[in-house]
Amino acid sequence: MPWGHNVKAVGRISFIAAENGSVCGFGGFEPTGRDILLQSIAVAPGHQGRGIGKKIMFDALERARRFGAPKPICHLQRMNR
């Protein structure tokens with residue numbers, strides 16, 4: 001599954017997951033001082049349950065470490081069944 005280029009908007013770093021030319025997930029983070037805020041990790045319904053969200057999260061954490069951010073912060077909501 002190839003990853004799209006970073007989209008930088010107002011300090012936020014975003015990622016796109018694509019499969020067969022279609023977007024199947026996205027996510028990102030925003031630097032907040034020394035830490036990062038994980039934001040908006042979402043996977044399209046037809047692609048859920050295959051580890052795409054986990055890949056997006058770990059990719060965001062790895063990239064954040066490269067920014068020098070040792071500690072992630074996240075706000076969790078369970079909106080899906």
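Note that these values count all heavy atoms, side chains included, but never hydrogens, waters or copies made by symmetry. Quantities reported herein were computed from a predicted structural model and do not represent experimental measurements.
Atom-to-atom distance recorded for Ser40:OG and Ile56:CD1 is 11.0 Å, nearest 0.5 angstrom. Of the inter-residue distances, the one linking Gln39 atom CD with Phe26 atom CZ reads 10.5 Å to the nearest 0.5 angstrom. Distance check: Asp59 CG to Ile41 CD1 gives 10.0 Å after rounding to the nearest 0.5 Å.
Evaluation of the ring pair (Phe, Tyr, Trp, His ring centres under 6.0 Å) test over residues 28-48, restricted to residues two or more places apart or in two chains, returns Phe29-Phe67.
In terms of heavy-atom proximity, Ala64 sits nearest to Ile36 at CB-CD1, 3.4 Å.
At distances below 3.5 Å, at least one donor-acceptor pair connects side-chain atoms of Gln48 with backbone N or O atoms of Val43.
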